[in-house]
Amino acid sequence: MKYLVFSVSLNPQSRSTQMALAAAARLQDKRADVKLIDLSDWELPLCDGGPCYDHPKVIELRDIVAESDGMIVASPIYNYGFSAVAKNLLELTGRAWEEKVVGFICAAGGPSSYMSVMPFANSLMLDYRCVIVPRFVYATENAFSDCQLIDPEVRQRLHILADALLRFTEALRS
């Protein structure tokens, strides 16, 4: 089975990217076929509902998503919501998400927006029949020092999320 971990932050000092790296490392430790996709390295167009779908990078990314079985999306929380980059990713790749298992990682400045992933998750469940791992990892700036994840509890929760992604994906595919 193939797995993707998306970092959808465009910030080079991103805390959500640090958590994405930790989740991808856990999947690799479990011998999973995993690919980390940092969208700050991709020059994707904004979704315009038309010509954007024919952009070579969109076609490449859509194929990568379609070939995967499970994914984790790591996003910063801005203004009590998932990042616009995450929404754009979903808009550009659309049906390639159908019937995937998806987990979420969120980095935010404070403790108040822990449910901000729900509109994105609802879209995946209702529009694309995704199975959502019901264990999100949400961390605030207190879990980091100098852009590095230092909180052992958050790291343990990332391991639990990655392990759950493997279990859910195996159960769905069997």
Side-chain angles (χ1 to χ4, degrees), residues 1-10 14 16-17 19-28 30-40 42 44-47 49 52-53 55 57-78 80-108 113-139 154 157-174:
M1 283 190 250
K2 293 183 179 182
Y3 298 91
L4 299 175
V5 177
F6 282 104
S7 171
V8 300
S9 176
L10 301 181
S14 170
S16 60
T17 298
M19 292 195 297
L21 289 166
R26 176 61 175 197
L27 291 169
Q28 287 173 336
K30 294 289 189 167
R31 306 265 191 257
D33 180 359
V34 62
K35 180 175 185 161
L36 176 70
I37 296 179
D38 186 341
L39 289 184
S40 69
W42 288 68
L44 295 174
L46 292 176
C47 184
C52 65
Y53 300 115
H55 188 283
K57 287 292 185 182
V58 171
I59 294 168
E60 179 184 357
L61 191 56
R62 190 171 46 234
D63 290 346
I64 292 169
V65 171
E67 292 172 4
S68 72
D69 298 292
M71 294 177 272
I72 293 175
V73 180
S75 177
I77 302 302
Y78 298 129
Y80 298 98
F82 235 38
S83 78
V85 175
K87 177 84 164 97
N88 194 54
L89 167 67
L90 183 57
E91 294 291 345
L92 292 173
T93 56
R95 297 247 175 258
W97 289 75
E98 284 188 350
E99 298 186 12
K100 307 292 184 195
V101 178
V102 183
F104 297 103
I105 296 170
C106 303
S113 53
Y114 61 91
M115 291 182 58
S116 58
V117 72
M118 291 312 299
F120 194 88
N122 284 337
S123 178
L124 288 171
M125 288 186 296
L126 297 173
D127 295 335
Y128 303 113
R129 306 299 183 250
C130 291
V131 174
I132 304 301
V133 177
R135 180 180 291 277
F136 308 160
V137 177
Y138 181 91
V154 171
R157 291 192 333 240
L158 289 166
H159 289 179
I160 292 169
L161 171 66
D163 294 353
L165 179 74
L166 295 172
R167 282 193 318 277
F168 275 61
T169 306
E170 289 168 7
L172 185 65
R173 300 296 180 237
S174 61

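These numbers were taken from a predicted model, which means no experiment stands behind them.
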Does atom [atom1] ([X]) have a neighbourhood of more than 12 heavy atoms from anything else shown, all under 6.0 Å?
| X | atom1 | result |
| --- | --- | --- |
| Tyr114 | OH | no |
| Arg135 | CZ | no |
| Met115 | CE | no |

Strictly distance-based, threshold 3.5 Å: is any side-chain N or O of [X] a donor or acceptor partner for the main-chain N or O of [Y]?
| X | Y | value |
| --- | --- | --- |
| Asn88 | Cys47 | yes |
| Lys2 | Val65 | no |
| Thr169 | Leu166 | no |

Does some side-chain heavy atom of [Y] sit less than 4.5 Å from a side-chain heavy atom of [X]?
| X | Y | answer |
| --- | --- | --- |
| Val102 | Trp97 | yes |
| Ser75 | Ser16 | no |
| Tyr138 | Ser113 | yes |

What is the distance from atom [atom1] of [X] to atom [atom2] of [Y], rounded to the nearest 0.5 Å?
| X | Y | atom1 | atom2 | answer |
| --- | --- | --- | --- | --- |
| Met125 | Asn122 | CE | CG | 4.0 Å |
| Ser7 | Leu36 | OG | CG | 6.5 Å |
| Ser116 | Tyr80 | OG | OH | 10.0 Å |
| Leu27 | Lys35 | CG | NZ | 15.0 Å |

Exercise for the section: Please determine if Glu60 and Lys57 form a salt bridge, counting it only when a charged side-chain N lies under 4.0 Å from a carboxylate O. Expected result: yes

Problem - Considering all heavy atoms, the nearest Arg26-Asp163 contact - result: NH2-OD2, 2.8 Å

Problem - Distance-minimising heavy-atom pair for Ile72 and Ala23 - result: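 What the structure gives for the nearest pair is CD1-CB, 4.1 Å.
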
Handout entry: Partner residues of Asp127 under the side chain to side chain donor-acceptor pair (under 3.5 Å) criterion, sequence neighbours left out
Key =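 Side chain to side chain donor-acceptor pair (under 3.5 Å) check on Asp127 returns Ser123.
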
